[in-house]
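Scroll down for the structure; my scribbles are underneath it.
Since we're looking at a predicted model, the values are computed, not measured. Order of listing sets the numbers, starting from 1, for every ligand and every atom in it.
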Amino acid sequence: MSDMYACDRCGKPTPNFVPWTCGSIAGKLGYSWCDDCEERFERELAWENEQSEKDAITCPWCGYSDPDSWEFEGEYDDGYECSHCGKPFFVEKRVDITYTSKRRIDDMPEGWVAE
Ligand SMILES: [Zn+2]
Ligand SMILES: [Zn+2]
């Protein structure tokens, strides 16, 4: 009889135990998910069919990429519908902010020569 653990998701007893490769986290050496939870998680992941970090809003149903994505104003909108197949899905907009800085030419010391 193998050791039994409690499923981290639903608390059901399970023999499943997967140790973390990086050692203990918060006093635990790994995680236990029962077969049911494992299966549900994989099913949910496959179901979501996440289209992450695309340049345009991409429909997770039909793959249509919306050329009007830039008009999307919401942060996280469960009312979004594909304009191609009409199915609803979530959209999360992530905007990368970068900064570009440079010296002002006006502050250039006289006689400065580029190397
Ligand atoms: Zn479970
Ligand atoms: Zn679609």
Side-chain angles (χ1 to χ4, degrees):
M1 169 102 194
S2 57
D3 288 343
M4 291 300 274
Y5 303 88
C7 171
D8 290 334
R9 300 201 110 194
C10 69
K12 258 193 340 202
T14 172
N16 297 346
F17 179 76
V18 182
W20 283 310
T21 48
C22 48
S24 80
I25 299 173
K28 297 181 71 179
L29 292 167
Y31 67 93
S32 300
W33 281 15
C34 69
D35 292 339
D36 290 349
C37 289
E38 192 94 49
E39 202 173 284
R40 218 177 90 215
F41 180 72
E42 276 171 23
R43 186 173 165 271
E44 282 170 6
L45 261 194
W47 168 255
E48 283 178 341
N49 187 27
E50 184 173 294
Q51 307 292 314
S52 63
E53 297 177 26
K54 302 275 188 192
D55 292 336
I57 293 172
T58 304
C59 176
W61 295 98
C62 69
Y64 176 74
S65 116
D66 191 345
D68 297 326
S69 298
W70 56 273
E71 288 179 358
F72 179 69
E73 291 288 311
E75 286 286 304
Y76 191 71
D77 181 5
D78 57 4
Y80 198 89
E81 276 181 19
C82 175
S83 57
H84 186 73
C85 69
K87 294 248 195 201
F89 56 87
F90 288 121
V91 175
E92 187 181 353
K93 184 164 81 174
R94 290 200 195 119
V95 182
D96 282 336
I97 299 174
T98 60
Y99 297 93
T100 304
S101 56
K102 57 187 178 182
R103 294 172 182 165
R104 302 185 310 169
I105 288 293
D106 295 351
D107 297 329
M108 177 74 67
E110 270 184 52
W112 185 86
V113 181
E115 283 162 17

Decide if atom CG of Asp68 counts as having more than 12 heavy atoms of other residues, nucleotides or ligands within a radius under 6.0 Å.
-> yes

Is atom CD of Glu39 surrounded by more than 12 heavy atoms (other residues, nucleotides or ligands) closer than 6.0 Å?
-> no

Linking I/L/V/M/F/W/Y whenever any side-chain heavy atoms sit under 4.5 Å apart, do Ile105 and Trp112 land together?
-> yes

Can you tell me how far OG of Ser83 sits from OH of Tyr64, rounded to the nearest 0.5 angstrom?
-> 4.0 Å

Atom pair OH/SG of Tyr80 and Cys59 - distance to nearest 0.5 Å | 9.0 Å

Using atom types as modelled, flag every donor-acceptor pair under 3.5 Å from a side chain in residues 20-33 to any protein atom, sequence neighbours excluded.
from, atom 1, to, atom 2, distance (Å)
Lys28, NZ, Asp8, OD1, 3.0
Ser32, OG, Asn16, O, 3.1

Everything protein-side that's N, O or S and under 2.8 Å from the Zn ion (ligand 1): list it, residue and atom.
-> Cys7 SG, Cys10 SG, Cys34 SG, Cys37 SG

What's the shortest heavy-atom distance between Trp61 and Lys87, and which atoms?
-> CD1-CB, 3.2 Å

Results of side-chain hydrogen bond (donor to acceptor under 3.5 Å, both in side chains) for Glu44 - residues two or more places apart only = Arg40

Are there any protein N/O/S atoms under 2.8 Å from the Zn ion (ligand 2), and if so, which?
-> Cys59 SG, Cys62 SG, Cys82 SG, Cys85 SG

For Gln51, which of Thr58, Val91, Ile57 qualifies under side chain to side chain contact (heavy atoms under 4.5 Å, CB included)?
-> Thr58

